[in-house]
A.B. asks: 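Next up is a structure, given as structure tokens.
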Amino acid sequence: MSTMKRETKIWLIVFLLGGAWLLYRATSSGASTAYVRTLPFSESPASFNDYTSGLASFSLSRTVGLWVAALLTLAVMSFIYKDNPFYKLAESVLVGVSAAYWMVVGYWTVIIPNLLAKLWPAWVHSWAMPGMAPVRDEYWFLNIVPLVLGVMLLWRLAPQGTWIARWPLAFIIGTTAGLKLVHFLQADFLSQIRAGIQPLIVMDAASNSMKFWDSVSNTIVFVGTLAGLVYFFFSVEHKGVVGKVSRVGIWVLMITFGAAFGYTVMGRIALLAIRFEFLFDDWLWIVDANGSRSTW
């Protein structure tokens with residue numbers, strides 16, 4: 001209990017010192033504030049030239065949004081220490097806002113143009129999409145099928161008859177699996193086969209000479225693919241030549257998995273760097289990457 005109290009006191013002191021420093025930065029240098037330039041029909045973030053020329057004005061809404069984004073970023077990063085209520089709050093906000101955002105996007109980009117606009121084009125034209133033609137297509141009645149399936153899918157929210165939602169759900173899963181199968185066959189399976197059967201000796205048609213590095217690249221891909229396939233060929237015991245080739249296949253697989261993992265890690269590090277840049281540049285004004293606040 002004493003350890004927990006000591007830990008609570010330490011974190012309370014850290015929060016108080018951090019809050020005092022943020023207050024000092026905000027009052028002394030104007031950090032953690034957002035300025036905008038008012039346009040005839042919108043607002044845009046103000047630049048340094050807008051600020052010096054007197055065209056920039058303080059934006060309370062953008063400043064509040066800046067603080068909310070910064071505090072939520074710190075709340076997510078607090079998980080590095082341990083699971084805590086701040087992280088759980090940020091996680092819940094992220095999930096809820098994302099679900100609401102994609103629900104709105106799906107409504108305006110899928111339901112309105114692909115369903116309602118097909119069934120009642122004049123009505124949708126009058127209030128949602130004035131640029132569309134208010135005339136029904138020749139086979140407009142076919143759109144009643146997805147409307148019925150959508151209503152059946154929402155039946156899962158009813159207290160009784162939830163089994164009705166299984167029929168459109170099965171239709172969606174089956175249709176999506178069929179479409180994705182064709183897509184992945186063309187994008188992944190066939191493209192990998194095509195990349196593995198390139199000519200080992202690449203000739204330049206203009207000079208009638210061999211392209212050395214292209215030939216080396218194709219040879220490495222062919223040998224690596226063959227060795228990887230031999231590793232998964234278990235009908236023959238991996239001894240002798242087959243065993244040596246399969247060990248080469250293991251190295252090829254490990255290099256492939258390592259490159260994929262490294263690519264994923266670098267992508268996550270890039271996202272982390274963006275968040276640090278946001279905190280140190282946009283929020284705290286500790287760094288000025290673009291040189292836009294040299295005298296602010």
Side-chain angles (χ1 to χ4, degrees), residues 44-45 47-49 98 101-102 105-106 108-110 113-114 118 129 131-133 137-139 172-278 280-282 287-292 294:
S44 64
S47 63
F48 174 70
N49 293 331
S98 299
Y101 172 79
W102 286 113
V105 170
W108 285 103
T109 60
V110 178
N114 296 336
K118 302 293 185 180
M129 301 176 64
M132 64 168 291
D137 296 335
E138 182 179 0
Y139 300 101
I172 293 173
I173 293 176
T175 305
T176 304
L179 294 175
K180 292 297 183 180
L181 176 63
V182 176
H183 172 74
F184 283 116
L185 281 176
Q186 295 178 353
D188 295 337
F189 186 69
L190 295 180
S191 62
Q192 291 182 9
I193 294 177
R194 189 180 301 110
I197 58 176
Q198 297 294 326
L200 301 182
I201 299 178
V202 182
M203 301 297 296
D204 189 358
S207 60
N208 198 22
S209 60
M210 184 183 71
K211 295 182 178 179
F212 177 75
W213 290 113
D214 292 342
S215 302
V216 171
S217 176
N218 292 348
T219 303
I220 292 175
V221 171
F222 173 76
V223 173
T225 302
L226 183 62
L229 292 176
V230 170
Y231 171 74
F232 291 101
F233 189 72
F234 302 111
S235 299
V236 178
E237 189 175 2
H238 290 186
K239 290 183 177 180
V241 178
V242 177
K244 294 179 180 179
V245 174
S246 65
R247 281 193 291 272
V248 175
I250 294 176
W251 280 98
V252 172
L253 292 174
M254 292 300 102
I255 292 173
T256 304
F257 295 150
F261 179 74
Y263 177 79
T264 303
V265 171
M266 291 304 298
R268 300 301 182 269
I269 292 177
L271 294 176
L272 180 63
I274 292 174
R275 298 318 299 167
F276 275 125
E277 181 180 357
F278 166 75
F280 295 147
D281 189 0
D282 298 337
V287 298
D288 188 9
N290 299 322
S292 60
S294 57

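All figures in this text were calculated on a predicted structure; none of them were measured in a lab.
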A.B. asks: For the CZ atom on Phe278, are there more than 12 heavy atoms of other groups (residues, nucleotides or ligands in this structure) within a distance under 6.0 Å?
C.D. replies: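 Buried by this count: over 12 neighbours within 6.0 Å.
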
A.B. asks: Nearest heavy-atom pair of Ser215 and Val202: which atoms, and what distance?
C.D. replies: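 Scanning both residues completely, I find the closest heavy atoms to be OG-N, 2.9 Å.
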
A.B. asks: Within this structure, what is the NZ-CE distance for the pair Lys118 and Met132, rounded to the nearest 0.5 Å?
C.D. replies: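 Output value for this atom pair is 7.5 Å.
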
A.B. asks: Can a donor-acceptor pair be found, under 3.5 Å and without considering hydrogens, that links the side chain of Asp137 to the backbone of Tyr139?
C.D. replies: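 Side chain of Asp137 to backbone of Tyr139, a donor-acceptor pair under 3.5 Å: no, none is there.
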
A.B. asks: With a cut-off of 6.0 Å (strictly less than), are more than 12 heavy atoms of other residues, nucleotides or ligands near CG of Leu181?
C.D. replies: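 Counting other residues, nucleotides and ligands, CG of Leu181 exceeds 12 neighbours.
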
A.B. asks: So, Ser217 side chain and Asp214 main chain: donor-acceptor pair closer than 3.5 Å or not?
C.D. replies: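 Checking the backbone N and O of Asp214 against the side chain of Ser217, no donor-acceptor pair under 3.5 Å is found.
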
A.B. asks: Grab the two heavy atoms, one from Val230 and one from His238, that are nearest each other, plus how far apart they are.
C.D. replies: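 Closest approach of Val230 to His238, heavy atoms only: O-NE2, 3.6 Å.
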
A.B. asks: For the CE atom on Met266, are there more than 12 heavy atoms of other groups (residues, nucleotides or ligands in this structure) within a distance under 6.0 Å?
C.D. replies: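 It does not: Met266 CE has 12 such atoms or fewer within range.
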
A.B. asks: Looking at Pro113 and Trp108, what are the two nearest heavy atoms and their distance?
C.D. replies: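 Here Pro113 and Trp108 meet closest at CD-O, 3.4 Å.
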
A.B. asks: Give the minimum heavy-atom separation between Met203 and Asn208, together with the two atoms involved.
C.D. replies: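 Where Met203 meets Asn208 most closely, the heavy atoms are CE-O, 3.8 Å.
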
A.B. asks: Of all the heavy-atom pairs spanning Asp188 and Ser191, show the shortest one and how long it is.
C.D. replies: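 Looking at all heavy atoms of both residues, the closest pair is O-OG, 3.0 Å.
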
A.B. asks: Compare every heavy atom of Lys239 with every heavy atom of Glu237, then report the nearest pair and how far apart it is.
C.D. replies: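 Answer, listing the atom of Glu237 first, then Lys239: OE2-CE, 2.6 Å.
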
A.B. asks: Taking C-beta and beyond as the side chain, do Val245 and Phe233 meet within less than 4.5 Å on heavy atoms?
C.D. replies: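 No - every pair of side-chain heavy atoms lies 4.5 Å or more apart.
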
A.B. asks: Under a 3.5 Å distance rule, please check whether Asn218 uses its side chain to pair with a backbone N or O of Pro199 as donor and acceptor.
C.D. replies: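 Here the side-chain-to-backbone pair exists.
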
A.B. asks: Take atom CZ of Phe234 as the centre, draw a 6.0 Å sphere, and report whether it contains more than 12 heavy atoms from other residues, nucleotides or ligands.
C.D. replies: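 Enclosed.
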
A.B. asks: Could you check if a side-chain atom of Arg268 sits within less than 4.5 angstrom of a side-chain atom of Thr264, using non-hydrogen atoms only?
C.D. replies: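 Yes - at least one pair of side-chain heavy atoms lies under 4.5 Å apart.
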
